[in-house]
A.B. asks: 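Here it is: the structure, laid out below.
Excluded from the calculations below are hydrogen atoms, water molecules and symmetry mates; all remaining heavy atoms, backbone and side chain alike, are included. Here is the naming used below: chain letters follow the sequence lines, and residue numbers restart at 1 for every chain.
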Number of protein chains: 2
Amino acid sequence: MKLTSKGRYAVMALVDLAKFNNLNPVSLRDISIRQGISLDYLEQIFSKLRKKEIVQSVRGNQGGYVLNKKAKEIKLTNIFEAVDEKVKTLQCKKESKKGCNGKSTKCLTHNLWDELENHINDFFEKKSLEDLIKDNIERRL
Amino acid sequence: MKLTSKGRYAVMALVDLAKFNNLNPVSLRDISIRQGISLDYLEQIFSKLRKKEIVQSVRGNQGGYVLNKKAKEIKLTNIFEAVDEKVKTLQCKKESKKGCNGKSTKCLTHNLWDELENHINDFFEKKSLEDLIKDNIERRL
DNA sequence: ATAAACCTGACTAAAATAGTCAAGTATCTT
DNA sequence: AAGATACTTGACTATTTTAGTCAGGTTTAT
Ligand code: FES
Ligand code: FES
């Protein structure tokens, strides 16, 4: 079980962005340099974040990205969904009545993985971007 | 974030095995058929489980595997550790003082992933093989 | 003896990941 | 108007990981 860097970078970049509090757009170039993430890769990520209306783009010189919602309203769940970082512990399709082994009943562990998935999603549902920023400021003091 | 089938199979096979309550060894061949898992793959998995003393092997004709501890004492944590299914949400090395970006401080999200890792491991630490079997019996009623 | 079943290590196809690269388009500043 | 900055898109690719397979053993009950 690991987290992919796409999900990791998305959150990292958004925390960086959110710290500027919507005063003015932040360029991906700056984020790239500050966070050590490839610019081209960031572009892919922000393209997805924009489509899901998590950020807004400002084109042209001095442009960049701004949060499209309040930091409090952006949960990790939303971010992960936007960049396709899904939690997938079940092998089978959840809706299907078939098990992961191709049999007509769910496998011995189906229920366990389902619980696990919920357990993890709870965590993501509870954390907002605002929480992360606060946490970051506290640590600096 | 997904669970690999190695971890999934390990747990699935052990639940199957545990249901026989140590009365007599269960052959991998049987588990393979019942659970729809490749025999060769199961052998790899059980080799690791044996090295970590989670199961005991009985060689020869009518041989197979038996649990080496009480089902209550086998936590998911132990199983996952045995088959190298680790939860890895951090990018950096935990001990190192360097961040995942190569910089000398931890990245903006380091703490978040660390929390997440603990959150997930809590789940694994709480679940024993016995819990899974009970859960399975209840469902059948 | 022979068959069942464990044991080991090496090998490999396929999928996913983590990017790179190229060729734009829009808008601000001067 | 020109130039620079920065967003936008889509295709491409190297690397790594996963999920096995395969071949050739060894052990032990009957
Ligand atoms: S994970 Fe759903 S049936 Fe096995
Ligand atoms: S995950 Fe540890 S420093 Fe980034």
A.B. asks: Applying a 4.0 Å non-hydrogen cut-off, can you work out what B:Phe46 is touching in the nucleic acid: base, sugar-phosphate, or nothing?
C.D. replies: nothing
A.B. asks: Measure the distance from CD1 on B:Ile45 to C1' on C:dA5 and round it to the nearest whole Å.
C.D. replies: 17 Å
A.B. asks: Just the rounded figure in Å: distance from C1' of C:dC6 to CZ of B:Arg29.
C.D. replies: 14 Å
A.B. asks: For B:Arg8 and A:Gln91, does a side-chain donor sit closer than 3.5 Å to a side-chain acceptor?
C.D. replies: yes
A.B. asks: Is any side-chain nitrogen or oxygen of B:Ser57 closer than 4.0 Å to OP1 or OP2 of C:dA5?
C.D. replies: no
A.B. asks: Would you please confirm or rule out a distance under 4.0 Å between OP1 or OP2 of C:dT8 and any side-chain N or O of B:Arg50?
C.D. replies: yes
A.B. asks: One thing to verify: whether A:Lys94 and A:Asp114 come together as a salt bridge, which I'm taking to mean a side-chain N less than 4.0 angstrom from a carboxylate O.
C.D. replies: yes
A.B. asks: Across nucleotides 13-26 of chain C, 5' to 3', mark each nucleotide with B, S or - according to how protein heavy atoms within less than 4.0 Å reach it.
C.D. replies: ---SSBBBB--BBB
A.B. asks: What are the bounds, 5' to 3', of the part of DNA chain D that sits under 4.0 Å from heavy atoms of chain B?
C.D. replies: D:dT18 to D:dA29
A.B. asks: Taking the nucleotide of DNA chain C with the nearest heavy atom to each, does B:Ser27 or A:Val58 sit closer to the 5' end?
C.D. replies: B:Ser27
A.B. asks: Please determine whether a side-chain nitrogen of the Lys or Arg among A:Lys6 and A:Asp84 lies less than 4.0 Å from a carboxylate oxygen of the Asp or Glu.
C.D. replies: no
A.B. asks: For a quick check under 3.5 Å, do A:Asn68 and A:Glu53 share a side-chain donor-acceptor pair by atom type?
C.D. replies: no
A.B. asks: What are the two closest non-hydrogen atoms of A:Glu85 and A:Lys2, and how far apart are they?
C.D. replies: OE2-O, 4.5 Å
A.B. asks: Quick check: does any side chain N or O of A:Lys88 sit under 3.5 Å from a backbone N or O of A:Leu90, one acting as donor and the other as acceptor?
C.D. replies: yes
A.B. asks: Take a 6.0 Å sphere around NZ of A:Lys70 and say whether it holds more than 12 heavy atoms from other residues, nucleotides or ligands.
C.D. replies: no
A.B. asks: Would the distance check show the side chain of A:Ser128 and the main-chain N or O of A:Glu130 forming a donor-acceptor pair, the cut-off being under 3.5 Å?
C.D. replies: yes
